[in-house]
Amino acid sequence: MRFIMKTDYYQDIRLFKYRSTFFWYLALVIGCLMLPLGLDEYLISQLTFICMYAVAAVGLMLLTGYTGQVSMGHAAFFAIGSYTSAILTAKGVPFLAALPAAGLLAGLVGIVIGRPILHLSGLYLAIATMGFAFIVDEILVRWESMTRGNMGYYVDPAAIGPLVFDSEIRFYYLALVVLILTLLAARNILRSPTGRAMIAIRDSEVAAEAMGINPAKFKTMAFAVSAFFTGIAGSLYAHKIFFINPESYTIFLSIELLAMVIIGGLGSLHGAVFGAAFFIFLPQFIVMTKDYLPQYLQNQTGLQPALFGLLIILVMLFEPLGIYGRWLKTKFYFEMFPLYRKDSFKREKKYQKAERR
Amino acid sequence: MELLNEILQTVLSGISIGCVYGLVALGFVLIFKATEVINFAQGELLMLGAFISYSLIGLLHFPYWAALAVTVIVMGLLGTLLERTVLRSLVGEPVYAIVIVTIGLSYFLRSMVSMIPGWGTDTYGFQTPFAEKFIRTGKLVISWEYLAIILITTALIFLLFSFFRYTRVGTAMRATSQNQLAAVYMGISVTRVFSLTWTIAAALGGIGGILLSPITFVHMNMGFIGLKAFPAAVLGGFGSLPGAIVGGLIIGITESLAGFYLPEGWKDIAAWIILIGVLIIRPQGLFGIQEKKKV
């Protein structure tokens, strides 16, 4: 356990808590850059998906994990990002402009939609965003002159100047760079007054309001920023798989994004990345274990989703605080080494006192 | 007159679908009121109920009413089992963690059904005593299949309401949903109440399944009806039992009117548009009570 004597405010909001942390992250980035050298194309493409979903998960984490607003409609922003980017690049706009445009349009829709519905709370907000996602999905199907409806839309590979991101390795680097920029941006938002206002709203809206924070303003802002990142992820997704249609952006994508954030661990950016990695690697893991199962089960198409559901249940039963919670506990164990007690993190299991009707 | 008939006919079929939405929504609301958890697997419980009744009627040749009773019992036991094995150990953990567990549960149940021999991924149907029987009043033709849904749902609602109002256990359940801690102090076994809540919710799902089967047939994706029942529950104000039924009816009627009179595609989103509209005007739903905010 290390304790730092903090002497001024800027020390408190430093990007890296300890100097050593910076070097560890640097090592991690270098490691990620070197990874493609030793892996085959398939694994690289899986890593790309992790980076992509992590960008969206970071967006949702800002909204759900840090501002406390649950959205079950983020597939809509993902879709808006994908289609904006696909249509713009098809019209000759360079990718470098289409990528932020995708994010900005998603963010703008986030503001327009967020303004009237963000005074809802909890469950009601979740359901309103879910309805919004259904409506967007229907628009994508019906607005055929723009989106080509259910026929789907072929997307050009991303290109910056003469550099075309058409191979797995190149696209991996693109996604990795976007992820790193996203994480840096999110980290910076969180240590700014805006970020602290968001966290204050999560912890108690009334208390935040009493401190002079305008909840409507910051909730809308969080919604917009969250939509922006999800739109960016959507744009990357379109240019990765080259073909998009409305079927890729159903309610299940929204639920998966939400599950990613919760399984990763609410209220941490690490959690967003962990959650994305969990959701990409879980099916791989299932495929690998398939050979050890009885013949009858192996041939079932339902096997993979069944194990998927089962593993989600087991992870949450084992660690209700998500993967980041487990990470913290492991770290704490080593920092405290001989002194760790099993009950250090034990939650008091209690009945709810809340007066409800 | 022609038009009036047409509208009545459409509304009637909307009401019967709405009753099923209402039953599923009732399951959502019951569990939410007792444990603050949204059970994403509620639709899958309905699907499971439909498959069980299909096996009883289609494969084992049970009479309809016996099959209904057996389905309710089996589903009730299954609900208890789920609560005991999975959800009991999560009491007191963060609510969102439990919600994710129910999402996992819905994946699991849906795919397990496809793996059980004799069930699989095909679509099935079974014989009911109401098939191809009609009542004619003037030009209005009412099919018994729809009427049965409406009647059985009404009977069920009366049963549930008198259960909550007049029995000791029902009172204990209402007390728990108001204040768990106070309920414990009064000597109510809260864990037993949770378990019973799951039992009732699963049994309701089972009845919903057996009622819905003649209309949509039995298949593994039946559970997606939960996605329609969810807005129904919210529309009524999550946490209000009559609200759930009214919400279900509104969604059902809107859907069938939109399906009949509006261009294709509106059917699926009309309910959502109404829902968002209602929520913007009344953020707590139609029957919900605005809770006081506490710091």
Side-chain angles (χ1 to χ4, degrees), chain A residues 64 70 116-117 119-121 123-128 130-132 134-135 137-139 141-142 204-207 210 251 255 258-259 262-263 266 296-297 300-317 319-322 347-357, chain B residues 32-33 36 38 40 86 89-94 96-101 103-115 121 177-184 190 220 227 230-231 233-234 238-239 264-266 268-269 271-273 275-276 279-280 283-285 288-289 291 293-295:
Chain A
T64 304
V70 179
I117 64 172
H119 68 279
L120 303 175
S121 57
L123 197 59
Y124 296 95
L125 178 68
I127 206 78
M130 188 167 147
F132 160 69
F134 271 105
I135 294 169
D137 199 43
E138 199 63 35
I139 292 174
V141 174
R142 302 288 157 191
S204 165
E205 208 175 313
V206 179
I251 172 76
I255 292 181
L258 195 61
I262 294 176
I263 289 179
L266 276 183
Y296 174 74
L297 283 176
Q300 298 287 340
T301 46
L303 178 68
Q304 190 160 330
L307 285 177
F308 188 71
L310 196 64
L311 282 169
I312 288 178
I313 297 173
L314 289 178
V315 166
M316 284 330 266
L317 280 181
E319 191 49 82
L321 293 177
R347 267 181 67 98
E348 196 186 337
K349 294 207 170 180
K350 58 175 184 232
Y351 295 117
Q352 276 142 343
K353 275 188 284 191
E355 191 84 45
R356 288 172 294 140
R357 276 175 244 228
Chain B
F32 181 76
K33 271 188 90 134
E36 297 225 326
I38 306 155
F40 272 90
V86 181
S89 60
L90 283 165
V91 172
E93 297 292 358
Y96 50 81
I98 311 177
V99 173
I100 292 297
V101 167
I103 291 178
L105 211 56
S106 78
Y107 273 96
F108 182 69
L109 290 179
R110 192 160 60 238
S111 17
M112 278 317 276
V113 160
S114 74
M115 284 198 262
T121 51
S177 89
Q178 273 182 15
N179 190 332
Q180 292 175 1
L181 199 63
V184 174
V190 173
M220 64 177 275
L227 292 177
F230 202 16
V234 172
F238 227 107
E264 208 198 342
W266 281 96
D268 293 326
I269 57 172
W272 290 105
I273 292 175
L275 174 77
I276 292 178
L279 284 186
I280 286 174
Q284 69 276 32
I289 297 158
E291 277 169 49
K293 280 183 188 170
K294 285 184 191 153
V295 179

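Note that the structure is a prediction, hence the values are computed from the model and not measured. Chain letters run A, B, ... following the sequence lines, proteins first, then strands; residues in each count from 1.
- With values rounded to the nearest 0.5 angstrom, A:Met130 atom CE is found 6.0 Å from B:Phe230 atom CZ.
- A:Leu314 does not touch chain B: none of its heavy atoms, backbone or side chain, sits under 4.5 Å away.
- With sequence neighbours left out, the side-chain contact (heavy atoms from CB on, under 4.5 Å) criterion links A:Thr64 to A:Leu60, A:Val70, A:Leu258, A:Leu266.
- No part of A:Leu311 comes within reach of chain B, as not one of its non-hydrogen atoms sits under 4.5 angstrom from that chain.
- Annotation for B:Ile276 and A:Ala128: closest pair CD1-O, 3.7 Å, computed over non-hydrogen atoms.
- Considering all non-hydrogen atoms of both residues, A:Ala306 and B:Ser111 come closest at N-OG, 3.1 Å.
- Of the candidates A:Ile127, A:Leu125, A:Ile117, B:Leu279 forms a side chain to side chain contact (heavy atoms under 4.5 Å, CB included) with just one, namely A:Ile127.
- Heavy-atom pairs under 4.5 Å with chain A were tallied for B:Phe40, B:Phe108, B:Trp266; the largest tally goes to B:Phe108.
- Heavy atoms closer than 4.5 Å to chain A are found in the side chain of B:Ile103, but not in its backbone.
- Residue A:Ile135 touches chain B through both its backbone and its side chain, counting heavy-atom pairs closer than 4.5 Å.
- Considering CD1 of B:Ile98 and CD1 of A:Ile313, their distance stands at 13.0 Å, rounded to 0.5 Å.
- Contacts of B:Tyr107 classified as ring-ring contact (aromatic ring centres under 6.0 Å, His included), with partners at least two apart in sequence or in another chain: A:Phe308.
- The CE atom of A:Met316 sits 13.5 Å away from atom CG of B:Leu105, with the distance rounded to the nearest 0.5 Å.
- Put simply, CD1 on B:Ile100 and CD1 on A:Ile255 are 8.5 Å apart, with the number rounded to the nearest 0.5 Å.
- Contacts of B:Leu275 with chain A are made by side-chain atoms alone, with heavy-atom separations under 4.5 Å and no backbone atom involved.
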